[in-house]
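What's counted below: heavy atoms across the whole structure, side chains too, no hydrogens, waters or symmetry copies.
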Amino acid sequence: MKELIIIPLEVANVELGYHLMLQAKIGRKKVRMLVDTGASMTVFDKSRLQIILNQGNDDFEKIEQLSTGLGTNSMEGAMAMLPSLHFGTLKIRNFSTVVLDISHVNESYQLLGFKSIDGVLGSDILMKYQAEISFASLELRLWK
């Protein structure tokens with residue numbers, strides 16, 4: 001079980017919906033992730049992941065295919081291998097993930113007064129680990 005944080009989105013006192021956040025770990029370092037059931041893949045922000053993994057600009061394997069989503073229709077991406085990715089008691093070893101520049105998402109969050117995110121938890125993990133989201137108990141359950 002992993003505790004969810006619900007972020008209400010509103011502008012000028014008009015409610016626009018909610019975003020779900022959770023804390024995970026890459027190795028021993030805590031990361032803040034947006035839970036997005038509509039995202040096909042789990043992705044991490046390139047600059048934030050470089051800091052977390054202590055890697056340089058050329059340490060990620062570039063991919064030719066452009067990514068879509070996250071408010072844009074074309075982004076250059078790369079792949080990275082995470083030694084371990086933890087969600088509560090679930091530990092995924094050697095997780096291959098997509099790396100994108102999602103600074104525009106963090107700029108939007110900052111304008112709304114919210115903390116930045118390190119990545120987006122997508123349906124690749126949610127499906128594989130048979131995710132159950134409970135708004136009543138604010139829990140995300142991932143099954144091994």
For Val99, run the side-chain contact (heavy atoms from CB on, under 4.5 Å) check against Gln50, Lys46, Arg48 and tell me which one passes.
Lys46

Is there a side chain to side chain contact (heavy atoms under 4.5 Å, CB included) between Phe87 and Ile92? Walk through the geometry before answering.
CA-CA 8 Å; Phe87 299 97; Ile92 306 169; 4.2 Å; yes

Distance, nearest 0.5 Å, that separates [atom1] of [X] from [atom2] of [Y]:
X      : Y      : atom1 : atom2 : value
His104 : Asp45  : NE2   : CG    : 9.5 Å
Ser108 : Ile102 : OG    : CD1   : 11.0 Å
Leu100 : Ser47  : CG    : OG    : 11.5 Å
Lys144 : Lys91  : NZ    : NZ    : 10.0 Å
Lys29  : Ser84  : NZ    : OG    : 11.5 Å

When hydrophobic residues are tied together by side-chain contacts of less than 4.5 Å, even through go-betweens, does [X] share a cluster with [Y]?
X      : Y      : value
Trp143 : Leu126 : no
Leu34  : Leu111 : no
Leu85  : Ile51  : no

Closest approach of [X] to [Y] (non-hydrogen atoms, all atoms of both residues):
X      : Y      : answer
Arg141 : Glu139 : NH2-OE1, 3.3 Å
Leu142 : Ala131 : CD2-CB, 3.6 Å
Val43  : Thr97  : CA-OG1, 4.0 Å
Met33  : Phe44  : CE-CZ, 3.6 Å
Tyr18  : Pro8   : CD2-CA, 3.6 Å
Ala39  : Val120 : CB-CG1, 4.1 Å

Whether [X] side chain and [Y] backbone form a donor-acceptor pair below 3.5 Å:
X      : Y      : answer
Thr42  : Gly122 : yes
Asn106 : Ile117 : yes
Ser96  : Met81  : no

Is any side-chain heavy atom of [Y] closer than 4.5 Å to one of [X]?
X     : Y      : answer
Leu20 : Leu140 : no
Pro83 : Leu53  : yes
Val98 : Met79  : yes

Verdict with reasoning, Leu49 to Ile26, per side chain to side chain contact (heavy atoms under 4.5 Å, CB included):
CA-CA 9 Å; Leu49 195 58; Ile26 296 175; 3.6 Å; yes

Please indicate whether Met127 has more than 12 foreign heavy atoms, meaning atoms of other residues, nucleotides or ligands, lying under 6.0 Å from its CE.
no

So, for His19 and Phe114, is the gap between ring centers shorter than 6.0 Å?
no

Ile5: side-chain contact (heavy atoms from CB on, under 4.5 Å) partners, not counting sequence neighbours
Ile7, Met21, Arg32

